[in-house]
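Worksheet: the structure to be examined is printed underneath.
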Amino acid sequence: MTSPQTGASALQAKEQLEAASHPVNVAEAEKKKAAVTWLSPQLSSYFIAGGIAGAASRTVVSPLERLKIIQQVQPPSSDKQYKGVWSSLVRMWREEGFRGYMRGNGINCLRIIPYSAVQFTTYEQLKKWFTGYGARALDTPTRLCAGALAGITSVCTTYPLDLVRSRLSIATASIPLQNASAPSSTSAQPALAAAYHTASSSGRPVAANVFSPKDLTMWGMTLKVMREEGGVRALYRGLVPTAMGVAPYVGINFAAYEALRGVITPPGKSSVHRKLLCGALAGSISQTLTYPFDVLRRKMQVTGMNALGYKYNGALDALRSIVRTEGVKGLYRGLWPNLLKVAPSIATSFFTYELVKDLLGAS
C-alpha cells in the first residue's frame, strides 16, 4: 500500500514533468497573468479618474489659463500689454467673445486627459513599488520622488500638444508684434505703431494679419510649426526646461496634497470644502515655488513665432536674456492670474480624481 508521503511526492513529480514538457504554455500563462495585472480594474480606474479630473480642472479655469500664457510671452515694453486680471478678461471678451476665453482649451483638454491620466496612474503605481506594496511606510521623500517621475513621464508623452496649445492661446491675442530681424530698429517703429493703431481702431487682433484661419486650428498650427520650424523636432522645443520644472512641481504638488490631507481631512472630517481646500493649498504652494520654469517653458515654446521677436539658443540663453532685459521679476510674469487659476484648478483636479476613483471602486 502506498503511503500518503509517497503519493504526494509522485503527484509533485508528475506536475514538474508536465511543466517541463510544456514550457511554452507556462510562459504564455505568465504573460497573460502579467497583462491582466497591468490592465487591472484598479489601474484602469486610476487612468479614467485622472483623465476626467484633468479635463474638468482645465475647463473651469480656461480664461485664466489663456491670460497667464499671454502675460508670460507678451513683449515687456508696450502700451498694448494685457495688464491686470479683470481688465484683461474684459478686453479678451470684448475682442473675441466667449470663444476667446476657450481659445486653446480644446487642445488643452486633448492634451490634459492623457497627461493627467498618465500622471495619476504613474504616481499611484510608483507609490506601491517604492513601498513594496505596503511593506514600508510612505514618507515625504518617497512621495516627492514618485511625483517627480510621474510628472516627467506625463509631460514627455504629451508635450507636442502643449506646445501647439500655447501657440493657439496667443495667436489671436492683440498683443504687440515685433520685427524679429531687427527688434530695436528705429525705422521699424512707425510701421509697428501703425500696426498697433490699425488693430486697435478696427477691433481686430493684430495676429489676424499674421495667421490665416487655417492656422488657427489644432491640426493647422501643428503643420505650420513642422513646416516652418524644422519638422517634428520643433514640436519638442522647450521640453528640457519643461521637464526640469514639471518634476519638482508635480513632486511638491503630490507630496503637499498627501501631507495636507492628513491634517485637513482626518478620518470623519472629509467634507467637500475640506478636500477642495487641501487641493487648492497644495497647488498654490507647488506652483509658486516652480513658476520661473513655467515662464521659461512658454518663452521657449513661442521662440519660432517670429512676430513676437523671441530668439533663444537654448534654455540657459533664454534664462539669461529674460533676467538681463526684464530682471528677476520677468521670471514671475503672469503669476497673479496663475495663482487665481491654480487654486480652483488643482482643487477641482484632486476632488474630481478622488470622487471618480471612489465611484469606480478603486482604493
Spatial distance of atom CZ (Phe130) from atom CG (Leu138) [nearest 0.5 Å]: 10.5 Å
Validation row: Trp129, Leu126 side chains within 4.5 angstrom (heavy atoms): yes
Steps toward side-chain contact (heavy atoms from CB on, under 4.5 Å) verdict (Gln287, Ile346): CA-CA 10 Å; Gln287 189 67 243; Ile346 300 299; over 6 Å; no
Spacing of Leu276 atom CG and Leu281 atom CG [to the nearest 0.5 Å]: 11.0 Å
Partner set under salt bridge (Lys or Arg N to Asp or Glu O under 4.0 Å) for Arg58, not counting sequence neighbours: none
Flag side-chain contact, heavy atom, 4.5 Å: Val263 against Leu260: no
Least distance between heavy atoms, Ala55 atom then Ile112 atom: N-CG2, 3.7 Å
Exam field: side chain Ser154 to backbone Ser116, donor-acceptor pair closer than 3.5 Å: no
Atom of Leu319, atom of Leu296 and distance for their closest heavy-atom approach: N-CD1, 3.7 Å
Atom of Ser62, atom of Tyr101 and distance for their closest heavy-atom approach: OG-O, 2.9 Å
Between Gln119 and Tyr123: side-chain donor-acceptor atoms closer than 3.5 Å: no
Enclosure of Arg227 CZ (heavy-atom neighbours >12, cutoff 6.0 Å): yes
Closest non-hydrogen atom pair between Thr59 and Cys109, with its separation: OG1-SG, 3.4 Å
Residues Arg333, Glu326: salt bridge by 4.0 Å N-O rule: yes
Phe47: hydrophobic cluster co-members (side-chain, 4.5 Å): Val118
Rounded distance [0.5 Å steps], CD1 in Ile152 versus OG1 in Thr157: 12.0 Å
Beyond-backbone contact of Lys275 with Leu355, side-chain heavy atoms, under 4.5 angstrom: no
Side-chain donor/acceptor of Ser349 to backbone N/O of Ser345, under 3.5 Å: no
Main-chain N/O of Arg237 paired with Tyr159 side-chain donor or acceptor, under 3.5 Å: yes
Pair Phe120 + Tyr353: ring centers closer than 6.0 Å: yes
side-chain contact (heavy atoms from CB on, under 4.5 Å) between Leu64 and Lys68, intermediate numbers included: CA-CA 6 Å; Leu64 290 169; Lys68 180 199 74 170; over 6 Å; no
